[in-house]
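Counting starts at 1 for both ligands and their atoms, in listed order.
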Amino acid sequence: MQGSPYLEPVARAGPVGRYAPSPTGDLHLGNLRTALLAHEDCRRRGGTFILRIEDIDTPRTVPGSEQRIMDDLRWLGLDWDEGPDTGGPAGPYRQSERTALYEAALAALEAAGRIYYCTCSRRDLREASAPQGPEGPVYPGICRTSDAVSQRAHPAGAAARFSVGPEPVVEFHDRLLGPQRFDLRTLSGDFVVRRRDGLWAYQLACAVDDALMGVTHVVRGADLLSSTPRQIALLRVLGLPLPEYMHVPLVADADGQRMSKRDGSLSLRTLRERGLSPRDARNLIREAPLL
Ligand code: GLU
């Protein structure tokens with residue numbers, strides 16, 4: 001890809017880590033364990049730590065949640081060098097303020113012939129008997145016109161899909177889990193980078209931000225392991241640097257299920273309200289049962 005002025009990673013010296021919560025509710029113990037591990041991993045290597053707020057899914061954003069997340073992280077003893085409240089050279093640090101960068105990335109992917117527009121509904125996918133992948137239907141390519149993908153303008157109400165075509169098998173090394181290999185044809189098929197409702201997909205926004213912010217070490221929950229090959233595929237086509245990845249186990253709730261912000265899993269707020277000290281909370285998080 002020819003470098004777009006927009007898509008230049010910030011100049012950095014040294015390692016960079018990050019925590020990238022979505023402001024969709026209070027952080028639970030699982031989120032906090034990941035945050036602490038990412039922070040420790042970064043500080044251990046003397047790195048710069050970034051807090052990035054992933055608020056692109058605006059309908060799911062809970063007002064006030066960003067502030068509560070930052071309060072909780074600080075209360076727990078976690079600090080960051082760059083973030084929405086502190087600023088820094090790679091800002092803005094809220095995804096809702098970075099959409100010009102995602103536009104530039106989409107244009108670059110389009111120029112590389114890797115984007116097509118898709119008007120399929122869930123029902124269309126059912127009717128086409130799309131095969132089920134680990135995360136839902138694998139897109140069977142209904143709207144793909146050819147492998148040399150069209151560059152027509154974004155039609156209203158159409159999703160932009162990334163064609164996994166030429167390099168569908170992605171291999172990478174996870175610092176904890178070891179060698180990984182995914183075939184995007186059976187994982188997701190051509191995946192959405194901008195949704196039909198115009199919202200940016202997590203895969204595009206996260207990949208572009210990690211690269212442009214100069215993140216060298218991504219530490220995140222194991223639920224995102226299968227997102228990584230999609231993000232690597234995008235970064236390769238964009239000619240942007242790849243971070244190293246580590247996916248850490250998730251914390252189990254009392255029923256042995258994965259914690260979720262929505263179903264009222266134990267939040268740090270609850271622990272604070274019960275009078276726990278930050279140190280007790282950190283110990284509880286360290287000893288929490290894992291999935
Ligand atoms: N924003 C995502 C979440 O809260 C995490 C993204 C990431 O760490 O890559 O689940």
Exercise for the section: Before accepting this row, confirm whether a basic side-chain N of the pair Arg175/Asp41 lies closer than 4.0 Å to the acidic partner's carboxylate O. Expected result: yes
Practice task
May I ask you to decide if the ring planes of Phe182 and Phe172 are parallel, tilted or perpendicular, using 30° and 60° as cut-offs?
Solution key: parallel
Practice task
Run the numbers for me: atoms of ligand 1, each under 4.0 Å from some heavy atom of Ser22, listed by number.
Solution key: 1 (N), 2 (C), 3 (C), 4 (O)
Problem - Salt bridge flag under 4.0 Å for residues Glu167 and Arg114 - result: yes
Fill in the blank from the handout: So for Cys206 against ligand 1, with non-hydrogen atoms under 4.0 Å, the contacting part is side chain
Fill in the blank from the handout: Near Tyr202 (heavy-atom distance under 4.0 Å), the atoms of ligand 1 are 6 (C), 7 (C), 9 (O)
Practice task
Starting from atom 6 (C) of ligand 1, locate the nearest protein heavy atom and write down its residue, its atom name and how far away it is, to 0.1 Å.
Solution key: Glu54 OE1, 3.2 Å
Exercise for the section: Answer whether the closest heavy-atom distance between the side chains of Tyr245 and Arg220 falls below 4.5 Å. Expected result: yes
Exercise for the section: Using distance alone, decide if ligand 1 has a nitrogen or oxygen within less than 3.5 Å of any nitrogen or oxygen in Leu224. Expected result: no
Practice task
Using a 4.5 Å cut-off on heavy atoms from C-beta on, say whether the side chain of Ser226 contacts that of Leu187.
Solution key: yes
Problem - Arg18 and ligand 1 - part of the residue with a heavy-atom distance under 4.0 Å - result: side chain
Practice task
Note the single closest protein heavy atom to atom 5 (C) of ligand 1, along with its residue, its atom name and the distance in Å.
Solution key: Ala20 O, 3.4 Å
Problem - Salt-bridge criterion met for Asp71 and Arg68 (N-O under 4.0 Å) - result: no
